[in-house]
Every structure is written in C-alpha cells, then in structure tokens.
Amino acid sequence: MKKETVCVHGAGDYGFDDPTGAVCVPIYQSATFKHKGLNKSTGFDYSRLSNPTRLAVEKTVAALEGGAGASAFSTGMAAISALCEIFSPGDGIVASHDLYGGAIRLFRNISQKNGLTVDFADTSDLDAVRAAIKPNTRAVFIETPTNPMMLVSDVEAIAKIAKPLGILTIVDNTFLTPYFFKPLSLGADIVVHSGTKFLCGHNDTLAGFLASATAELAEKFITVEKTTGACLSPFDSFLVLRGIKTLGLRMERGQQNAFEIAKFLSAHPRVKKVYYAGLESNGGYEILKRQAEGFGCMISFEVDSVETVERVLGGVKLIAFAESLGGAETLVTYPAVQTHADVPKNERDARGINDRLLRLSVGIENAGDLIEDLAAALGR
Ligand SMILES: *Cc1c(COP(=O)(O)O)cnc(C)c1O
C-alpha cells in the first residue's frame, strides 16, 4: 500500500477485531480487560501494557515509517526519555548541536546526571560526526532539518559510518514526517516523533513515538513503555489516528504554502535571511532532494532588528504567536525566548539563533491570507 492509503487505513490489521464493524478505531477507554477464565486473555490485560486504540496508532506509525514496531508515549519528550532507558551509565550519545531545546535540556540536565555522556556535534558535517565518535559512543541522535536552523544531515551516510561500529542511528523525524522522509529505509535504527506536531496535526493534543527498524529494538521499547508508564492514553491515541488520516493532504498543502511564504520573505527588505529546506540556497537542499520526498513546512527567518521582531509578534492577526508547530494553524515562534531559552546565549549566537530570528510553522490556510498578514506585521 502507498503512504496516502496507509495514512487513511492504518496498518489494516490492528491485531484485534472490533465486532461492531466500526469504520474508525473506537476509543477503548478502559483501564483493564476481563478474562473469560484462567489463561484466557483477549490479548489485552491492562492499558499500561497494551490498549486497542493505542495499538492501532502504534501499528499505523510503524507501517508509515516502515518499521518492525512502534511505541506511543504521552509526549515527544516522554518518547526521548524512554529512548534513553536502553543505554547504560558510561554510554555516550553524539547529538546534533542544533536540536529541539527540550531534547538539549533532557540530555544536559537528566541524561548526563544518569551517567550518559552527550556530545553535541554538527551532524550536517560528516567529518564532525566522525570526530565526535568515541569508544563509548552507542548512538548518533539526529534531527533533520534541525530546529530552528534547518540544517540537513545525510542520514544514509551517517548510518554507514555508525553501523560497522555498532552505533545506533536515531532520527527525530518530527519535521518531515514519514510522509516525506523515511529514515529507516536509509539505514537508521530508530525514529523519534513528537506526535504532537504534524502526525496529530491539529494543535489539540500531545503525543510521542519511537519506531524501530528491528523487532528486537521494538521489544525493548515495549518493555520500557509498560515499565516506566508514560504511554499514550486511548483518547489521545484516537486523536492522533484521526490526525494521521489527513497527514498527506496537510503536508502537501503546508509545503506549498511554505514555498510561497519563503519566496515572499526572501524578497522582503526587512528580512535578512530565510532558512527553508526547500530553497536551493539551503545547505541541505541536494541531500533532501535525493533522500526525501518533500521539504516540509518549517521556515526560520532573520529580520533586520529586534524592533521588527516585536512588530511582527505583536502585529500578526491570523498567525498566532505561540510555541509548537505542525498544526493546521500557522504559528510564529521566537526561538531565543521560547523554545531555545535554556540554551546558553553564546551557544545560541554561535549557531545563528539570535534575537532577530523567528520561526514559522506554516499551516494549511490560504497562502495569500498568510502573506498579507506577514506583510502587514513586517511593515514595508
Ligand atoms: C516538540 C518537539 C519535541 C518534543 O515533543 P513534545 O511532544 O513537545 O514533548 C521533540 N522534537 C522535536 C523536533 C519537536 O519539535
């Protein structure tokens, strides 16, 4: 089945039969499941271990990513925390230096305390990846394109470096989603998602996923999920399943809008730089053209002054000044004070996350309306 069909119909076989013939997977809002007798489980015993609605969304995400299995967590950060549980004190992780702020906070403040060493490197530079790998390195954690600088990593080349060394390649695929990008098919071992974003797609719930290339890894995450307990609720599982049905339509439309907005911003006198993976001027354009089926809906741009930032954030009417991304609604974010506030200022500056940088999550509204809103807020 092609990806558009998988989005609508899911994995097909959810591993359970609903006797009513419901077209949509029902919300099995039950903490526990009764047994007909000794050793006569329906396959479901207690919802932390497994729940039919959650199983359906897990199988759908696994099918979309082309993985052997997937586990659904209450948030993206819960998924990344669960991921860290497969490592042991003394193990090392090499992570993209331009990473989601929450992932940096987790690695710095919690993983290191638990004995993992985390080295940040520019994973868009293969030499930097090779140089960062140490004898204790167990994984390379990549975000591509990165948040917020849109740096693109060559996942295939990194997996080729990592695999012979027994190092796992892990990709946060939140931005491109399996609709545009399939890291497991390029040799990655694990895909991470903030399902809160494009997978759910409506800014109305939080979710996280880990999809694995092998059954062995998938089994490890099932054990972590049921043991540490941050699993996705039945209702939230339903919302993500519902969101995924329109993933393809939303990604196509958001990307189309993003191209038009990137073009508008590039020509605007108050805009100094535009970072969009779909622009040929973006460093990773050629890699994505080869490895992905799209460039996504995320744009960062640098304006001429902090005054312009203030005017944009206070002036947009249709676009909401709010954290997060990936929903039907277009949002504008100020990384230096929102998502990346916890990253030390000197590091932010070195990476271009200065106080003139804004990030757009382009939604599925009319592109002309969005451009008009931006134009009015930017001033001419
Ligand atoms: C939002 C986000 C996360 C964290 O997900 P939550 O659902 O907010 O916990 C991780 N990675 C990326 C790229 C994100 O955008």
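Just so it is clear, the model here is predicted, and its values are computed rather than measured. Counting starts at 1 for both ligands and their atoms, following the listed order.
Side-chain contact, Asp122 with Ser124: a donor N or O sits under 3.5 Å from an acceptor N or O. Glu302 and Asn354 form a side-chain donor-acceptor contact under 3.5 Å, judged by distance and modelled atom types alone. Looking at Ser153 and Thr123, their side chains do bring a donor and an acceptor atom within 3.5 Å of each other.
Taking CG from Leu206 and CE from Met77, the interatomic distance works out to 12.0 Å, rounded to the nearest 0.5 Å.
Shortest non-hydrogen contact noted between Ile353 and Pro148 is CD1-CD, 3.7 Å.
Between Phe295 and Tyr285, the distance from one ring center to the other falls under 6.0 angstrom.
At a heavy-atom cutoff of 4.0 Å, ligand 1 is surrounded by Thr75, Gly76, Met77, Tyr100, Glu143, Asp172, Thr174, Ser194, Thr196, Lys197, Ala207, Leu325.
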